[in-house]
Enquirer: 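To start, I am sharing the structure in question, which I have written as structure tokens.
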Number of protein chains: 2
Amino acid sequence: MYTETAMVGLGAPLRASERAYRQLRGEILNGLLAPGAALLEVEQAERIGVSRTPLREAVARLIADGLVVGRRGRGFEVTDISVDSISELYELRQALEVQAIRLAATRRDPAPFLELRDAFVTAPELLDQGDIGVHRYYVLIDELEDAVDAAVENPFLVGALRAVRTHLARIRRLARRNPLRLRAAAAEHLLIIDAIIAGDPSLAAHATHIHLHQSLLSVLAAIEEDSEQ
Amino acid sequence: MYTETAMVGLGAPLRASERAYRQLRGEILNGLLAPGAALLEVEQAERIGVSRTPLREAVARLIADGLVVGRRGRGFEVTDISVDSISELYELRQALEVQAIRLAATRRDPAPFLELRDAFVTAPELLDQGDIGVHRYYVLIDELEDAVDAAVENPFLVGALRAVRTHLARIRRLARRNPLRLRAAAAEHLLIIDAIIAGDPSLAAHATHIHLHQSLLSVLAAIEEDSEQ
DNA sequence: GATCGCTCTTGTGTATACAGAAACCGCAAT
DNA sequence: ATTGCGGTTTCTGTATACACAAGAGCGATC
């Protein structure tokens, strides 16, 4: 989630198309650009402060990411998120994560996971520390994902996973997570990490399967709850 | 493989960017543009007969497809295919196909697969009829893939599968398949189809797993053989 | 009053012109 | 002979101008 709107000045002077891409992507992920929002080339180009050419390139990338769809004659539109699409995304996610975890457990380089294990053991305490603790917990999950990606050593698989995570970021915004679920999730993550360290691909895979099953249930429940209020 | 270089005039007058995309994509898949080939914007734009703007859009899509990588200062380059990358692609493919087949078997609409079953039963005879038969066999596989895609009803998963198949098309060109393998593959496909018809997701998944395992072995063996000659 | 058609507006698709950056070549100096 | 430096060239990145297509609004006619 490093593509926040606030991309403070870093070394390289970004290309205009890259700036436009990051800004639009960030705004879609943040919900600032709501699903279904109709966007026009000229309008957006002016707003972001780039010309139409780089903006079109940015939009093309967003379409490839599945965050945006082109419309017949009239500009483009932010894709919307239905409950059905969440379940569908999780069907893909399950396939990818299970495979990734299985491979990570097979590759057997426990070192980075031993560190993460320590962190996840203390995760429940973290979750007692309010918003800042929750945020640090999410950072921990990011680190776990990075460690898995590195262990998998498979650009194709990691690429597909990154695409899924992009969509997940939007979904997380929809459903506020409840603290009990986070605590349970931490325990599930710990089991997965232990399975990787133990070099037990089958256990790791099944633990991941279950984790994602619970995660989907929790997300769907949270959305249903929100929509009732 | 419907993106041959010969895209004869069909109804809609294609946009220039679309034409450029299809032509380049076709040429990369055909091997006409070899892996590692360095391409320049102006050069390609002239060759295809479009301006630089739509060509850049086409290249952007190819980069998103993973068929092309941009180079620092000097144009772009067709991605190359290493033996390692083939194994990696199959790691992703396995995850996706197993999940897709599992879902297809779960959804339980046997109708389209009953037809395919008949076709695959007679596949061995087809393979005795030389190149034309082999071609018809490949068409059959395409139809099976389409039937699975339709049964899965999951845009995310199907999208990921399509991306994998794009890369597979390039790999198939590298390794001429031997007839014995094709015959064995037909039997494996038949088992998968039967499992879907029977509504047995677990059997379908395991059959797919094995099929892909054998397929990878065959491809790697064929490449090794070719490189020895 | 409703419907058909025309025009005017707006927005995309494409080409081209211009600016900045990076690589290549040659020259010279060590 | 090799290496460092500068000029030149080429290529990308961006902006803008133009053409064409689709829609909306308005008027005229039935």
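Just so it is clear, the values below take in all heavy atoms, side chains as well, and ignore hydrogens, waters and symmetry mates.
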Enquirer: Could you check which residues of residues 48-61 of chain B get a heavy atom under 4.0 Å from DNA chain D? Sort them by number, please.
Expert: B:Arg52, B:Arg56

Enquirer: Without decimals, in angstroms, what is the distance between A:Ile63 CD1 and C:dG13 P?
Expert: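 Nearest whole value for this atom pair: 9 Å.
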
Enquirer: Using atom CD of B:Glu41 as one end and atom P of D:dG13 as the other, report the distance to the nearest whole Å.
Expert: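 Going from B:Glu41 (CD) to D:dG13 (P), I get 6 Å.
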
Enquirer: Under the 3.5 angstrom rule, does the side chain of B:Asp80 hit a backbone N or O of B:Pro35 as a donor-acceptor pair?
Expert: no

Enquirer: Just say parallel, tilted or perpendicular for the rings of A:His189 and A:Tyr137, cut-offs at 30° and 60°.
Expert: tilted

Enquirer: For B:Phe120 and B:Leu144: C-alpha separation, side-chain torsions, deciding distance, then whether side chain to side chain contact (heavy atoms under 4.5 Å, CB included) applies.
Expert: CA-CA 10 Å; B:Phe120 268 93; B:Leu144 175 57; 4.1 Å; yes

Enquirer: To the nearest angstrom, how far is A:Leu39 atom CG from C:dT10 atom C1'?
Expert: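 Distance, rounded to whole Å: 16 Å.
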
Enquirer: For residues A:Gln94 and A:Thr208, determine if any side-chain heavy atom of one lies less than 4.5 Å from a side-chain heavy atom of the other.
Expert: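 No, every pair of side-chain atoms sits at 4.5 Å or beyond.
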
Enquirer: In whole angstrom, what separates A:Glu46's CD from C:dG11's P?
Expert: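 Taking CD of A:Glu46 and P of C:dG11, I get 10 Å after rounding.
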
Enquirer: Roughly how far, to the nearest 0.5 Å, is CG of B:Leu96 from CD of B:Glu91?
Expert: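 So the gap between those two atoms works out to 12.0 Å.
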
Enquirer: Between C:dA23 atom P and B:Leu40 atom CG, what is the distance in whole Å?
Expert: 13 Å

Enquirer: Please give, in whole Å, the distance from D:dA15 C1' to A:Arg19 CZ?
Expert: 13 Å

Enquirer: Quick one, A:Arg162 with A:Glu145, criterion salt bridge (charged side-chain N to carboxylate O under 4.0 Å, His left out). Give me CA distance, side-chain angles, the key distance, then yes/no.
Expert: CA-CA 10 Å; A:Arg162 299 198 106 83; A:Glu145 287 178 348; over 6 Å; no

Enquirer: Nearest whole angstrom, please: distance from the P of D:dT12 to the CD of B:Glu77.
Expert: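 That distance rounds to 13 Å.
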
Enquirer: What is the distance, rounded to the nearest whole Å, between atom CZ of A:Arg15 and atom P of C:dG20?
Expert: 17 Å

